[in-house]
Amino acid sequence: MGKELRLMKGNEAFAEAVIRDGADGYFGYPITPQSEVMEYLMVEKPYEKTGMVVLQAESEVAAINMLYGGAGCGKKVLTSSSSPGMSLMHEGISYLAGSELPCIIMDAMRGGPGLGTIQPGQADYFQVTKGGGHGDYRLIVLAPASVQEMYDFVEISFDLAFKYRNPVIVLTDGAIGQMMEKVYIGEQKVRLTEEEIKEKYPWATLGKTPDRERNIITSLDLDPYRHERHNIKLQKKYKEIEKNEVRYEELNCDDADYIIVAYGTSARISQKAMDIAREKGIKVGIFRPISLWPFPKKALRQLSERVKGILAVEMSAGQMVEDIRMHSVETTPVEHYGRMGGVIPTPNEIVDIIENTFVKS
Amino acid sequence: MSDTIIKEQIFKPENIVYKKTDLMTDNVLSYCPGCGHGTAHRILMEVIDEMGLQSKTIGIAPVGCSVLAYEFMNVDMQQAAHGRAPALATAIKRLLPDKTVFSYQGDGDLAAIGTAETIHACNRGENFTVIFVNNGIYGMTGGQMAPTTLEGMKSSTSPYGRDSQTMGHPLKMTELVAQLPGTYYVTRQAVHTPAAVRKAKKAIRKAIELQQQKVGMTFVEVVSNCNSGWKMTPVDSNKWMVENMFPFYPLGDIKVDGKLVKEV
Amino acid sequence: MAKVKGDIIVDIEKCKGCEVCIDACPTHTIAMSEQVNGKGYHFMQNVHDACTGCTNCAIVCPDGVITVYRIKV
């Protein structure tokens, strides 16, 4: 953790982290509630400080394909958007996954479907954890629950993206993007030189030199058997990620009778609900998945064996709850509480649900 | 001097006056016999070769017949989603301003699904080169109507001829982008005769040279044939192209040194 | 006046028989063969001695199958 302390919005902390981590390029398109990311970058002029490129694209479709071009050259590139923009990007994300290109896509979720609302939502869970675009692929999905995590997850995400040559989604929402909290800022990292990129990422298209064959970045292979082998290789990589990159947080789970499973904004609200419930003598704990994919299924399963009930709290009609049910023991009841359309649940609503669904029955 | 002696004398490396550039791979081109794509590929690679730019060049292949361009061009390449080549090229050129970057796109890719990317890359004055091969049809998917299909022209989705009342008018993308302040050199060429190929190559050379000066978008349209889609022999399709495509898509420079040289 | 003499070598297996080169030859020295290559295409060939090594056929060949030689005689 860095030493410099600032009061920042989540979106701004994310943008500052991008500069500090030595990113090469940001390509984005304005959409509420994450426009501060590009605004912040334009004000900070990282192109003068680190040489980072910041470009406002003509659409989310163009922005995600700019990421493809940049990532194909081994550059650290990213974009940020919100739900409707994410829908537009998923074609490009499928190509990025198919071509195994590293990048970060931040999604500040808002209520849907359609244009929906600009208020916070968590209904993009299916879209980002189950695919979103066409084909068999997976995205690493990290869900920050604080402004500090909005900052910290940039470095983690870039590291994961390049380690596995895979897009990483930072899945947040309007509430965390807009809220202000104190945040520790890290040191400024130096961007990689072209020589360093060549050394680290020999697959990057930086110009064919006599010492190697030409590099080709493509997701196309018309030979079905070869293409199947490519798919098998991808699936192997995803298994590896599932083995190594599970992240979660447990709060008061040791003595808990009931567990709330929630991420992002819902996890923050659930913390307050947990406090209220504990004051009432109900032993509630929180299980917060940080990596939504890979989903922390093993840890959840173990936990589900020793509690009396699990409540999924999401700002959706119930998306993550499907994964929770899949990975909990059958004998433990799993319920869902969600608000939709941009409405944020209150702690008391959550406590009521726990009391009425689990404690009284 | 007998013929055999001459043959022995003539087939020596020092007497070669023309051979395929090494920047074209030895893979057999996936194009139909007589298709202009092969020639357009080759002259582009000849220019990169002659300018000594192989180690600095990054090309973008589109979706369409030339989706496999990376199999034939011996430079680093990326394959873009349909229509998005200018977005890829934009980022690459911005991140690596000293590289030579080109997108190679067909008319369905550039003038239909990728219209926004094309126009905005041109309008921003991105410093890369677009090679736009216009054969008035969707070749790879089996000869459907393209935005560039001529009025009255038959295709598999305009089997009675393109009716502009219901199917829209053929789109002159090259004239359109020439009007944008971000384009510096805009030209329309063809590759059906040796003279046309020589001119087209000069135009591509000029575009790539200008790219080194970072003066803005350089845009070379190559009007080409699609004998399979047009259902003609290669030779007949070239004749048909001269008689029908060229009147609507006239050859020649449209914008030179940032100034329109033709009414558009 | 120095005379030039040209000749060509055709990568027969890569020729697709499109005939675009035939019209491009100013001395009508090339023609399609009666035979076919491995893919069943009639391939182009030099049929008589009038080649000047002008390179027209090679320049217009979409498949880049022609190598042109030229000497002064």
Side-chain angles (χ1 to χ4, degrees), chain B residues 1-3 5-43 45-46 72 190-201 224-225 227-228 232-239 241, chain C residues 2-33 36-73:
Chain B
M1 211 187 295
S2 78
D3 279 2
I5 293 167
I6 287 176
K7 278 212 186 293
E8 271 171 25
Q9 283 179 349
I10 201 164
F11 290 132
K12 287 179 182 165
E14 63 266 30
N15 296 331
I16 291 176
V17 285
Y18 191 92
K19 78 188 260 278
K20 175 181 79 70
T21 163
D22 289 340
L23 263 63
M24 286 295 286
T25 65
D26 289 328
N27 295 332
V28 176
L29 291 169
S30 51
Y31 305 110
C32 303
C35 172
H37 268 306
T39 313
H41 281 25
R42 184 164 41 81
I43 56 176
M45 286 301 105
E46 284 174 3
F72 315 124
V191 290
H192 62 306
T193 64
V197 176
R198 288 189 176 97
K199 267 194 194 167
K201 185 177 162 184
S224 188
N225 58 355
N227 49 75
S228 298
M232 297 172 196
T233 66
V235 171
D236 286 348
S237 74
N238 277 341
K239 276 187 200 141
M241 176 175 73
Chain C
K3 276 178 72 180
V4 290
K5 166 91 187 101
D7 211 334
I8 56 171
I9 290 180
V10 182
D11 190 342
I12 288 167
E13 286 309 314
K14 282 189 182 164
C15 177
K16 293 174 184 163
C18 73
E19 303 185 22
V20 172
C21 57
I22 306 292
D23 272 356
C25 176
T27 57
H28 309 292
T29 185
I30 49 174
M32 301 311 288
S33 66
V36 292
N37 65 15
K39 289 206 169 119
Y41 292 121
H42 295 283
F43 50 89
M44 64 87 76
Q45 59 185 3
N46 218 346
V47 287
H48 60 78
D49 216 18
C51 179
T52 61
C54 74
T55 72
N56 273 7
C57 57
I59 280 173
V60 86
C61 172
D63 293 277
V65 305
I66 306 164
T67 304
V68 185
Y69 295 78
R70 184 165 62 209
I71 51 166
K72 282 182 184 153
V73 290

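- For a residue to count as touching a neighbouring chain, one of its non-hydrogen atoms must lie under 4.5 Å from one of that chain's; by this rule C/Cys21 does not touch chain B.
- Heavy atoms closer than 4.5 Å to chain C are found nowhere in B/Asn227, neither backbone nor side chain.
- To the nearest 0.5 Å, the span separating CG on B/Asn27 from NZ on C/Lys14 amounts to 7.5 Å.
- Residue with the most contacts toward chain B among C/Lys16, C/Glu13, C/Glu19: C/Lys16 (heavy-atom pairs, distance under 4.5 Å).
- Formation of a donor-acceptor pair under 3.5 Å by the C/Lys5 side chain with backbone atoms of B/Ile10 is not found in this model.
- The candidate with the highest count of non-hydrogen atom pairs below 4.5 Å against chain C, out of B/Pro13, B/Ala40, B/Pro33, is B/Pro33.
- Heavy atoms of C/Asp23 lying under 4.5 Å from chain B belong exclusively to its side chain.
- Comparing C/Ile71, C/Val68, C/Thr55, C/Ile8 by heavy-atom pairs within less than 4.5 Å of chain B, the highest count is held by C/Val68.
- Of all heavy-atom pairs between C/Val20 and B/Pro234, the closest is CG2-CB, 4.2 Å.
- Residues from residues 191-201 of chain B that place a non-hydrogen atom less than 4.5 Å from a non-hydrogen atom of chain C comprise B/Val191, B/His192, B/Thr193, B/Pro194, B/Val197, B/Arg198, given in numerical order.
- B/Val17 and C/Arg70 get closest at one heavy-atom pair: CG1-NH2, 3.7 Å.
- A search for salt bridge (charged side-chain N to carboxylate O under 4.0 Å, His left out) contacts involving C/Asp7 returns B/Lys7, not counting sequence neighbours.
- Interatomic distance, B/Tyr18 OH to C/Asn56 CG, rounded to the nearest 0.5 Å: 11.0 Å.
- In this structure, the separation between NZ on B/Lys20 and SG on C/Cys61 is 11.0 Å, given to the nearest 0.5 Å.
- For the pair C/Pro62/B/Tyr31, no side-chain contact is recorded, criterion being any heavy-atom separation below 4.5 Å from C-beta on.
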